[in-house]
Amino acid sequence: MMRMEPVEVSGGMALAIEVKLPKTTLLAVTTDKGYIMCGALDVGLLNEKLKDRGIIAARATGVRTIEELLEAPLESVTHKARELGIVPGMRGIDAVALML
C-alpha cells in the first residue's frame with residue numbers, strides 16, 4: 001500500500017510518501033529541491049557514485065512514521081545538502097524547510 005499527502009512546513013508545502021513493503025515501510029518527505037528519507041536511503045551511494053547529479057538528500061534512522069521522520073535527528077546528509085546548511089543532528093522538518 002502507498003500513501004501520499006501534503007505536509008505544511010514553514011509556510012510551504014512538501015509531499016510525504018509512505019510505502020508499505022513486506023517487513024518494512026519506506027518513508028520520504030520531498031520538495032522540488034530535495035528530500036529526507038528513512039534508513040533505506042544510501043547517502044554514500046548518492047555522494048560517491050551519483051555525485052555528478054548533485055542530489056540534496058538526508059537520512060534519519062529508526063523512524064516508523066512520517067511524523068517521526070520529520071522530528072528525528074538526521075543521521076547523514078549528502079554533500080549538496082550540506083551546501084544548503086543541512087547537517088547531521090538537525091531535525092528532519094528543519095532540513096525540509098531549507099529545501100523549500
Side-chain angles (χ1 to χ4, degrees):
M1 174 188 280
M2 188 170 96
R3 177 175 66 110
M4 295 179 6
E5 62 185 43
V7 176
E8 187 171 346
V9 177
S10 296
M13 294 302 286
L15 180 64
I17 303 164
E18 177 183 76
V19 181
K20 296 217 180 250
L21 299 171
K23 300 184 183 181
T24 194
T25 301
L26 298 179
L27 302 167
V29 177
T30 186
T31 71
D32 289 340
K33 286 185 186 176
Y35 58 93
I36 61 171
M37 195 170 161
C38 64
L41 179 65
D42 188 343
V43 172
L45 174 77
L46 299 180
N47 279 337
E48 295 163 23
K49 296 194 179 199
L50 303 178
K51 179 171 67 172
D52 60 318
R53 296 185 188 183
I55 296 170
I56 297 169
R59 166 180 138 150
T61 57
V63 296
R64 294 183 172 208
T65 66
I66 292 296
E67 294 75 18
E68 289 179 2
L69 177 60
L70 289 168
E71 289 302 319
L74 299 174
E75 180 264 338
S76 55
V77 304
T78 62
H79 300 312
K80 205 67 172 169
R82 282 185 188 272
E83 291 177 16
L84 281 182
I86 299 167
V87 295
M90 172 183 279
R91 289 184 320 151
I93 196 165
D94 297 325
V96 172
L98 291 173
M99 294 177 193
L100 289 172

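Numbers for residues simply follow the sequence, beginning at 1.
- The cluster map of Ile, Leu, Val, Met, Phe, Trp and Tyr, joined by side-chain heavy atoms under 4.5 Å apart, puts Val9 and Ile86 in the same cluster.
- A distance of 11.5 Å separates CD in Glu75 from SG in Cys38, rounded to the nearest 0.5 Å.
- Distance alone, capped at 3.5 Å, is enough to place a donor-acceptor pair between the Arg59 side chain and the Gly39 backbone.
- Side-chain atoms of Thr31 come within 3.5 Å of backbone atoms of Met99 as a donor-acceptor pair (strictly under, hydrogens ignored).
- With a 4.5 Å cut-off on side-chain heavy atoms, Leu70 and Ile36 count as touching.
- Of all the heavy atoms in Leu74 and Gly92, the pair that sits closest is CD2-CA, 4.0 Å.
- Under a hydrophobic clustering in which Ile, Leu, Val, Met, Phe, Trp and Tyr are joined whenever their side-chain heavy atoms come within less than 4.5 Å, directly or via other members, Leu84 and Ile55 fall into different clusters.
- When all heavy atoms of Ser76 and Pro88 are compared, the pair lying nearest together is CA-CG, 4.5 Å.
- Under a 4.5 Å side-chain heavy-atom cut-off, the cluster of Ile, Leu, Val, Met, Phe, Trp and Tyr residues that includes Met1 has no other member.
- Here the CG atom belonging to Leu46 is positioned 9.5 Å from the CE atom belonging to Met37, to the nearest 0.5 angstrom.
- Nearest heavy-atom pair across Ala57 and Ala81 is O-CB, 3.6 Å.
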Name each donor-acceptor pair under 3.5 Å that joins a side chain in residues 11-30 to protein atoms two or more places apart or in another chain, with its distance.
from: Glu18; atom 1: OE1; to: Arg3; atom 2: NE; distance (Å): 3.3
from: Thr30; atom 1: OG1; to: Gly34; atom 2: O; distance (Å): 3.4

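- Under the 4.5 Å side-chain heavy-atom criterion for ILVMFWY residues, no single connected hydrophobic cluster contains both Val63 and Leu41.
- At a threshold of 4.5 Å between side-chain heavy atoms, the hydrophobic network of Ile, Leu, Val, Met, Phe, Trp and Tyr places Leu100 and Ile66 in one connected group.
- The minimum heavy-atom distance between Glu68 and Gly62, with the atom names listed, is OE1-O, 4.0 Å.
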Q: Given side-chain contact (heavy atoms from CB on, under 4.5 Å), test Leu98 with Ile56 step by step and report yes or no.
A: CA-CA 10 Å; Leu98 291 173; Ile56 297 169; over 6 Å; no
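- Criterion: ILVMFWY side-chain heavy atoms under 4.5 Å apart, direct or through other members. Under it, Leu50 and Tyr35 are part of a common hydrophobic cluster.
- Side-chain contact between Val87 and Val77 is absent, with no heavy-atom pair separated by less than 4.5 Å.
- When every heavy atom of Ala72 is checked against every heavy atom of Ala60, the shortest pair comes out as CB-CB, 4.0 Å.
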